[in-house]
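FYI, side chains are in, hydrogens and waters are out, and symmetry mates aren't considered; it's all heavy atoms of this structure. Predicted, not measured: the structure shown is a model, and the values here were computed from it. Quick note on labels: first sequence line is chain A, next is B, and so on, each numbered from 1.
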Protein chains: 2
Amino acid sequence: MSYKSDIEIAREANKKPIQEIGEKLGIPSDHLLPYGHDKAKVSQDFINSVKGNKNGKLVLVTAINPTPAGEGKTTTTVGLGDGLNRIGKKAAVCIREASLGPCFGMKGGAAGGGYAQVVPMEEMNLHFTGDFHAITTAHNLLSAMIDNHIYWGNELGIDERRVVWRRVLDMNDRALRDIVTSLGGVANGFPRQTGFDITVASEVMAILCLSTDLEDLEHRLGNIIVAYTRDKQPITCRDIKADGAMTVLLKDAMQPNLVQTLENNPAFVHGGPFANIAHGCNSVMATTTALKLADYVVTEAGFGADLGAEKFMNIKCRKAGLAPSVVVVVATVRAMKMNGGVAKADLGAENVEAVKKGCPNLGRHIENVKSFGVPVVVAINHFVTDTDAEVQAVKDYVAEQGSEAILCQHWAKGSEGTEELATRVAAIAEAGQANFAPLYPDDMPLLQKVETIAKRIYRADEVLADQKIRNQLKEWEDAGYGNLPVCMAKTQYSFTTDPRRRGAPTGHSVPVREVRLSAGAGFVVVICGEIMTMPGLPSKPAAEAIKLNADGDIEGLF
Amino acid sequence: MSYKSDIEIAREANKKPIQEIGEKLGIPSDHLLPYGHDKAKVSQDFINSVKGNKNGKLVLVTAINPTPAGEGKTTTTVGLGDGLNRIGKKAAVCIREASLGPCFGMKGGAAGGGYAQVVPMEEMNLHFTGDFHAITTAHNLLSAMIDNHIYWGNELGIDERRVVWRRVLDMNDRALRDIVTSLGGVANGFPRQTGFDITVASEVMAILCLSTDLEDLEHRLGNIIVAYTRDKQPITCRDIKADGAMTVLLKDAMQPNLVQTLENNPAFVHGGPFANIAHGCNSVMATTTALKLADYVVTEAGFGADLGAEKFMNIKCRKAGLAPSVVVVVATVRAMKMNGGVAKADLGAENVEAVKKGCPNLGRHIENVKSFGVPVVVAINHFVTDTDAEVQAVKDYVAEQGSEAILCQHWAKGSEGTEELATRVAAIAEAGQANFAPLYPDDMPLLQKVETIAKRIYRADEVLADQKIRNQLKEWEDAGYGNLPVCMAKTQYSFTTDPRRRGAPTGHSVPVREVRLSAGAGFVVVICGEIMTMPGLPSKPAAEAIKLNADGDIEGLF
């Protein structure tokens, strides 16, 4: 039996004009700013006009710790959105935009997979509606204005050794990680060591994704700490007077992008912050707008539930006043097997014991999500090699945890394959069982926030942080930043900081290597491992094979 | 008497949906890819479908050497386009896109002025349709792939000291002019000195603007020389295998952008190569497409006629097989006065003698343009302070040269003010007087091409080029590049290389400081002065005052 590839299915999509998709949500075509015929931004005026609407119900799709087998979180998000529409609910999905740079290293990715995809796939992997280019430009304008300020006399007294604002490009370019700028003499400024990150790692990206409106955006941009003086006083973006111009550059990028699923249902694809040094969710603007227009909004958060759902709850929901009605945890039989110790090459053979052995990873995530006061449903994303006995083993395990696991076949069948999941999700949401609360209060000391997450989510015994880190956190508390949430940066492959420890380990320690203040985004990043903020290209970059063929189609991008 | 500012007039524009503008040129709305409601790209399929159409007539608008008084070349281009439409001709204008980066240094510019403008003005000064961002990305992908090739073993044997391909940003950022990359150890590559240019200075920009279709684009990109081996053999973009992926990144950017004038006539705004290290004209794609759709296409070339028109004729027309039917040389009474020795502060007072004294600069340009076999009309772009006697002095002078000068009042009156010019231009074009030929044949040796331009256009006695430069040109001739045109880079303020020498000087020398091969764009850049390829920001950047006001309008950008 042979299957069509994601790109083949995407290219066969029977897309409708984006105005028809907007109509489903009651967006008049005047208020849809088209980018071609199948993408549009929703106008700020329209967004303002629906602020009084009642909110729909919010559904978060999260997952077990990712394994090389793949779990299909975005695919399930899209499939569930289509499923809800299929059973007569007005539903929209909200997912993140893809980063362009990495597509030229490894192959670009679909938004979803099989018959649960969002289109147009190629544009979403390339320039899309230009949001990331706008973020790159706004970020680098601030960088240029900092060096320019120093060049023209440095009235603010910036310590050139303490400029913390780097530059960004949406490109995998390791040569730019660590550079010396302003060489060449007087006309080019004062040489100093700095570097470039990839655009998705920019604090501007995190800010765009957390801002509730343009005013909030400008305020947060102004709060960015870009440098320190010799006596360690912070210099902000507002001091540099870049916040207004950056807001102008980001004005259009703040408007959520509307596209469609293969089944012509509305999908907002907007924002794409790193899931480690930022919070890894699509934009607050898109989510809150979708909630005003749809009865159900299905969204996802980066990586597994220990990182993604935790930050979704403790950062995005806290800051934007959102509360999920139900959480779907995606699991696959294959991933359970890998958690149960099976190597990737052996995943094809039935192994019920391994499935059972791997289930505690799923169980831990279910328990964690419930601790936020939100009901959980497990979606088993079906692979063709899964056997009935394996699927049943997962279902039985989940039932023992007091939840329900539902087999989903959206990859092969589209919304037909998620009808049961959609029905169950709607029933739970409408029953109003959720009683959402973040894990910790705003006024808890920063280190205690880290400890709360480490103990209650990661099930670690302790957090290891040396005096320097403790002092830094204390300084920020004294400076008025103690009320911020913490943004954990750790491997996504394990509850621990060791990517090889699968399953549901306990008794480990969480060492904090570094802390960073994102005063504009509004969180303290707590780094518990290696964080790469500028990737490199592989020895055979995908770019070498990317081209337009004789028909004008793109080859090699997927 | 008080006048409205350009931005006030632009904001009051009674814009029509871009589909209606496309209709005027017979572009079906299916083939217009909208970017919002007032901008669109013309689809590649449609462009291919009209290749068999008869060409309209091409009108070039050029000018005297620019003075601080301003000459209004774009304003006249737009005004003439509207004027031709007014007298019943189907006309389109073709102008360049603005660079975003510089708008944050000095204020952004209108496309035209007064009642002869192209809109939407704000978008055209910001991200517009993303073309420049696409060029930035394509350029920097090649940069990343070069360093990546060296990193992974350097199979091609690139000499790290001889990588000539830099990086670009659309930003005024002097700190990036001269940098050292790949610091930080093994994982980040081999440290080397390089830098960033502004995006409009990218050879990719010049290539995009000269390519006749996507195939030609890919071929030219492949030809870019990015580095040399230790034994000085060139390494091309094709060797790095970046040409296909760059073409994919530039696919949409190659499609011309359609917008409208204040009078709702079609305007193509596409491409914006530097007018010194490149050829300074809008794209060949836009011009050739417009010629298939309109009876008259009015376009312009950067700087004065000595640089802009010369390169338009010898590079763009030669390469794209274009031939202008008539050339309009724009002059102002004020600029004549400045050429006649009047200081800017004194331009308000009538001074017929100074006008007469300055006219030989105009006369020289008229003579030069005629030497390409094309008839000339002079447009006197009227300023409110011009007196009748001053205007008459210019008219009399031009008549003595065997041409005609026509007073134009498009700035104040729109197309009503260019009716006479349009009528005259149409009459000349329809009379078929032009017999266009470039100034030199392809097979003339490179240095002789430079001498031809220097003597026949600049009226210099000699070209000064040392042995190193002569050897370099000889090497390129031996390598098969001898048939390329030369792209002169010199001050725009004078026929000489000294910006202070106004009027119509003779007897000077043209020193060649440097030559550069743009093998992809297809020309040899001949640098006769300081060339700044990465501007800096001023001490009070415009960005400091740019912001969104309470109504959501942009303040400070203009």
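- With a 4.5 angstrom heavy-atom cutoff, A:Ala187 touches chain B via backbone and side-chain atoms both.
- Interface residue B:Ser29: only backbone heavy atoms are found under 4.5 Å from chain A.
- Among A:Thr137, A:Leu32, A:Asp147, A:Asp170, the residue with the largest count of heavy-atom pairs under 4.5 Å with chain B is A:Thr137.
- With respect to chain A, the highest number of heavy-atom pairs below 4.5 Å among B:Ala144, B:Gly184, B:Pro34 belongs to B:Pro34.
- A distance of 9.0 Å separates CG in B:Leu33 from CG in A:Asp38, rounded to the nearest 0.5 Å.
- Checked by atom type and distance alone, the side chain of A:His149 pairs as donor or acceptor with a backbone atom of A:Glu155 at under 3.5 Å.
- Proximity to chain A (any heavy atom under 4.5 Å) is shown, for B:Ala542, by neither the backbone nor the side chain.
- Between chain A and the options B:Ala245, B:Gly189, B:Ala545, heavy-atom pairs under 4.5 Å are most frequent for B:Ala245.
- In terms of modelled atom types and a separation under 3.5 Å, the side chain of A:Ser211 and the main chain of A:Asp213 share no donor-acceptor contact.
- Of the charged side-chain nitrogens involved, none lies within less than 4.0 Å of a carboxylate oxygen, so that B:Asp553 and A:Lys251 do not count as a salt-bridged pair.
- Neither the backbone nor the side chain of B:Gln44 comes within contact range of chain A, judged by heavy atoms closer than 4.5 Å.
- Classified by interplanar angle (parallel below 30°, tilted 30° to 60°, perpendicular above 60°), the ring pair B:Phe46/B:His31 is tilted.
- Among B:Met145, B:Glu122, B:Lys540, B:Glu123, the residue making the largest number of heavy-atom pairs under 4.5 Å with chain A is B:Met145.
- The contact between B:Phe104 and chain A is made entirely by side chain atoms (from C-beta outward), counting heavy-atom distances below 4.5 Å.
- Taking A:Leu557, A:Ile554, A:Asp252, A:Thr129 one by one and counting their heavy-atom pairs under 4.5 Å with chain B, the maximum is reached by A:Ile554.
- With B:Arg166 as the partner, the side chain to side chain donor-acceptor pair (under 3.5 Å) test is satisfied by one option alone out of B:Thr194, B:Asp197, B:Thr533: B:Asp197.
- Options B:Asp243, B:Thr181, B:Ile240, B:Asn188 differ in how many heavy-atom pairs under 4.5 Å they form with chain A, and the most are formed by B:Asn188.
- For B:Glu218, the part lying under 4.5 angstrom from a heavy atom of chain A is the side chain only.
- With respect to chain B, the highest number of heavy-atom pairs below 4.5 Å among A:Gly130, A:Ala134, A:Ala175 belongs to A:Ala175.
- With a 4.5 angstrom heavy-atom cutoff, B:Lys39 does not touch chain A via any of its atoms.
- Counting heavy-atom pairs closer than 4.5 Å to chain A, the top-ranked of the candidates B:Asp45, B:Asp178, B:Ile179 is B:Asp178.
- B:Asn549 contributes a side-chain N or O that, together with a main-chain N or O of B:Gly552, makes up a donor-acceptor pair within less than 3.5 Å.
- Interface summary for chain A: among B:Leu214, B:Leu141, B:Ile150, the most heavy-atom pairs under 4.5 angstrom belong to B:Leu141.
- Contacts of A:Asn140 with chain B are made by both backbone and side-chain atoms, with heavy-atom separations under 4.5 Å.
- Neither the backbone nor the side chain of B:Arg192 comes within less than 4.5 Å of any heavy atom in chain A.
- For the pair B:Arg167/A:Asp173, a side-chain contact is recorded, criterion being any heavy-atom separation below 4.5 Å from C-beta on.
- Of the atoms belonging to A:Ala242, not a single heavy atom falls under 4.5 Å from chain B.
- Between A:Trp165 and A:His139, the angle of the ring planes stays under 30°, which puts this pair in the parallel group of the 30/60° scheme.
- Proximity to chain B (any heavy atom under 4.5 Å) is restricted, for A:Leu169, to the side chain, taken from C-beta onward.
- Only the backbone of B:Asp30 comes within less than 4.5 Å of a heavy atom of chain A; no side-chain atom from C-beta onward does.
- For the pair B:Met106 and B:Asn172, the minimum side-chain heavy-atom distance is 4.5 Å or more.
- A donor-acceptor contact shorter than 3.5 Å links the side chain of A:Asp216 to the backbone of A:Thr212.
- Proximity to chain A is limited to the backbone of B:Pro538, based on heavy atoms less than 4.5 angstrom apart.
- With a 4.5 angstrom heavy-atom cutoff, B:Phe190 does not touch chain A via any of its atoms.
- No side-chain donor-acceptor contact under 3.5 Å links B:Lys547 to the backbone of A:Thr247.
- Using a 4.5 Å cut-off between heavy atoms, B:Met534 makes no contact with chain A at all.
- Remark: the backbone N or O of A:Leu249 is paired with a side-chain donor or acceptor of B:His127 at under 3.5 angstrom.
- Looking at B:Leu126, the atoms closer than 4.5 Å to chain A (heavy atoms on both sides) all sit in the side chain, from C-beta outward.
- Looking only at distances, no side-chain donor or acceptor of A:Lys241 sits under 3.5 Å from a matching main-chain atom of B:Glu544.
- The side-chain heavy atoms of A:Thr136 and B:Thr136, taken from C-beta on, include no pair separated by under 4.5 Å.
- Looking at B:Leu100, the atoms closer than 4.5 Å to chain A (heavy atoms on both sides) all sit in the side chain, from C-beta outward.
- You'll find the side chain of A:Val204 reaches within 4.5 Å of the side chain of A:Met246, heavy atoms only.
- Interface remark: A:Leu548 contributes backbone and side-chain atoms alike to the contact with chain B (heavy atom separation under 4.5 Å).
- Of the atoms belonging to A:Glu215, not a single heavy atom falls under 4.5 Å from chain B.
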